[in-house]
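Notes to accompany the following structure.
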Number of protein chains: 2
Amino acid sequence: MQISELARRTGVPVATVKYYLREGLLPQGELTGATRARYGEDHVERLRLVRALLGPGGLSVARARAVLAAVDTPDTSVHAALGAAHRALPGVGAEGPADLEQARSVLRRRGWRVAEDSPALVALAGALEALRAAGAAPTDELLDRYAEAAGRIGEQDVAEVPTGSVAEAVRFVVVNTVLLEPVLLALRRLAQEDASRRRFPGDC
Amino acid sequence: MQISELARRTGVPVATVKYYLREGLLPQGELTGATRARYGEDHVERLRLVRALLGPGGLSVARARAVLAAVDTPDTSVHAALGAAHRALPGVGAEGPADLEQARSVLRRRGWRVAEDSPALVALAGALEALRAAGAAPTDELLDRYAEAAGRIGEQDVAEVPTGSVAEAVRFVVVNTVLLEPVLLALRRLAQEDASRRRFPGDC
DNA sequence: AACTCTAGAGAGTGTCACTATCCAATGTCG
DNA sequence: CGACATTGGATAGTGACACTCTCTAGAGTT
């Protein structure tokens, strides 16, 4: 198919498809002449993935490129792909060396072991720092309960990774890591709304 | 204190403080003359809150203004403040009427009741739509497990709301709703990293 | 008197994700 | 065959956003 059909089938403007091609988010089509290229079903699928990462996933073009690079590298291990996805996710704008102590203590109590320079660890420390700066320092009890719930989810995420092929597993990890975040946040808000309705009945 | 000291104490440039004043994120200081105004401790605290919402909280200036409006309205009910915070949060770029069915079915199974036009519900539907578009449609089992974990957290969030004064409660709700999201996401990523290390041992 | 600081307003900056325009070279259709 | 549309590729422009800079007149400080 030509670029116009690729654009039509995905609802993405042609100019934008060209932009993604230039930015390396979408592989080049097969050139059939100096002014013609052919695109296939895999381009449709890839383009949809790109749009999902950029839109709901909330990634920047640069971060999406990094994520997709992991998807495209055939010899990536699953664990490495997870790391790549985590590095690509917007953590908290790490300014200066945040205080990692409270973050580490949560991990210790849970028995979790992660890389020394894990971006998620830095992100957690930054988020805690922000809470303290806003005058709402979280207690260890609160963090532990959050960690327990998060642990259940993370455990399940990893357990579900398919073992068929590495490429399939890597794609699964990347998509689920990024695109299930908004799902989790939305569910938390819905749970809050329901709990709030029950606790403050008069306010509806 | 003067604006320069307010800026120095919070580490925010004077020009930026002025910008926040203009945008209505920070209340005006008490004018002591045509070219002088006085700021107090509450301004320091508010400015830190603004920075937390804009930075780690990930809110835009417009959304932060909406959130702070709820904090500033003295007769806000706690439930309404939660709603205001939810509306201000970036959901998923709601394009067109997404399919709410799967989202609603999760709520039904959990017994949660929320407003018909709850922004969180729309956000959930949008996030599910994105997953389907990316070719990774989530199963109901997966959603239920996510919902169970999210329910635990949302329940706790609401249970912890202080009952002293409405103003205090509203501030608590807003801060925790917004600033605990990055904490939850970071903890999930850490749990994934730990689980991944255990499941794919060779890859570290 | 010299100097620094202020409030307030307007304009400028850098980044980002597109979006529009051009060009020459093909395709396609009648 | 020829009119017309489309393409790849490159360059430039756009609009939103969060600052950031500059300017002015006035006021406090030394």
Side-chain angles (χ1 to χ4, degrees), chain A residues 1-40 43 47-68 88-90 92-93 95 130, chain B residues 1-40 43 47-68 88-90 92-93 95 130:
Chain A
M1 88 191 73
Q2 306 200 139
I3 197 172
S4 54
E5 190 181 346
L6 176 60
R8 195 174 39 71
R9 279 191 48 194
T10 54
V12 179
V14 172
T16 306
V17 175
K18 285 185 173 184
Y19 170 64
Y20 293 158
L21 286 166
R22 258 192 326 254
E23 291 292 327
L25 301 181
L26 207 55
Q28 298 292 334
E30 182 194 350
L31 284 172
T32 63
T35 67
R36 221 41 58 129
R38 195 161 42 215
Y39 304 91
H43 284 91
L47 185 47
R48 286 204 238 267
L49 174 59
V50 167
R51 290 294 269 196
L53 293 180
L54 293 183
L59 300 194
S60 68
V61 167
R63 289 181 188 281
R65 187 167 35 228
V67 167
L68 292 167
L89 286 168
V92 173
E95 52 208 271
Chain B
M1 85 190 74
Q2 307 203 139
I3 197 172
S4 55
E5 190 180 346
L6 176 60
R8 194 175 40 71
R9 280 193 45 193
T10 54
V12 179
V14 171
T16 305
V17 175
K18 286 185 173 185
Y19 170 65
Y20 293 158
L21 286 167
R22 253 185 325 221
E23 291 293 325
L25 301 182
L26 207 55
Q28 299 293 335
E30 182 194 350
L31 285 173
T32 64
T35 66
R36 219 49 53 134
R38 195 159 43 212
Y39 304 92
H43 284 92
L47 185 46
R48 285 204 239 265
L49 174 59
V50 168
R51 290 295 269 195
L53 293 180
L54 294 183
L59 300 193
S60 67
V61 166
R63 289 180 188 280
R65 187 167 37 225
V67 167
L68 292 168
L89 286 168
V92 172
E95 54 207 89

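Here is the naming used below: chain letters follow the sequence lines, and residue numbers restart at 1 for every chain. For clarity, every value in this text was computed on a predicted model and none was experimentally measured. Atom set for the values below is all heavy atoms of this structure, side chains included, hydrogens, waters and symmetry mates excluded.
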Say you draw a straight line from [atom1] of [X] to [atom2] of [Y]; how long is it, rounded to the nearest 0.5 Å?
X	Y	atom1	atom2	value
Leu68(A)	Arg63(A)	CG	CZ	14.0 Å
Leu49(B)	Thr10(B)	CG	OG1	12.5 Å
Arg48(B)	Leu53(B)	CZ	CG	14.0 Å
Gln28(A)	Arg22(A)	CD	CZ	10.5 Å
Leu25(A)	Thr16(A)	CG	OG1	11.5 Å
Arg8(A)	Ile3(A)	CZ	CD1	13.0 Å

Side chain of Ala15(B) (C-beta onward), nearest among dA27(D), dC21(D), dT6(D): dC21(D)

Using a cut-off of 4.0 Å on non-hydrogen atoms, how would the nucleic acid contact of Glu23(B) be classed: base, sugar-phosphate, or nothing? nothing

Heavy atoms under 4.0 Å, any strand shown: does Ala37(A) hit a base, just sugar-phosphate, or nothing?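 Contact class for Ala37(A): sugar-phosphate only.
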
For the pair made of [atom1] in [X] and [atom2] in [N], what is the distance, rounded to whole Å?
X	N	atom1	atom2	value
Leu21(A)	dA10(D)	CG	P	12 Å
Leu53(B)	dA18(D)	CG	P	13 Å
Arg36(A)	dG9(D)	CZ	C1'	14 Å
Glu5(A)	dG27(C)	CD	P	17 Å
Leu6(A)	dT6(D)	CG	C1'	15 Å
Leu31(A)	dT7(D)	CG	P	14 Å
Leu26(B)	dA18(D)	CG	P	16 Å

Return the polar atom pairs (N/O with N/O) between nucleotides 14-18 of chain C and the protein under 3.5 Å, or none.
residue, atom, partner, partner atom, Å
dA17(C), OP1, Val61(A), N, 3.2
dC18(C), OP2, Tyr20(A), OH, 3.1

What protein N or O atoms touch nucleotides 23-25 of chain D N or O atoms at under 3.5 angstrom, if any, and at what distances?
none

When you check the phosphate oxygens OP1 and OP2 of dG8(C), does a side-chain N or O of Gln28(B) lie under 4.0 Å from one of them? yes

Does the side chain of Arg9(A) come within less than 4.5 Å of Met1(A)'s, by heavy atoms? yes

Decide yes or no on side chain to side chain donor-acceptor pair (under 3.5 Å) for Arg65(A) and Tyr20(A), but give the supporting numbers first. CA-CA 10 Å; Arg65(A) 187 167 35 228; Tyr20(A) 293 158; over 6 Å; no

Smallest separation among heavy atoms of Leu59(A) and Ala88(A), with atom names: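 Looking at all heavy atoms of both residues, the closest pair is CD2-O, 4.2 Å.
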
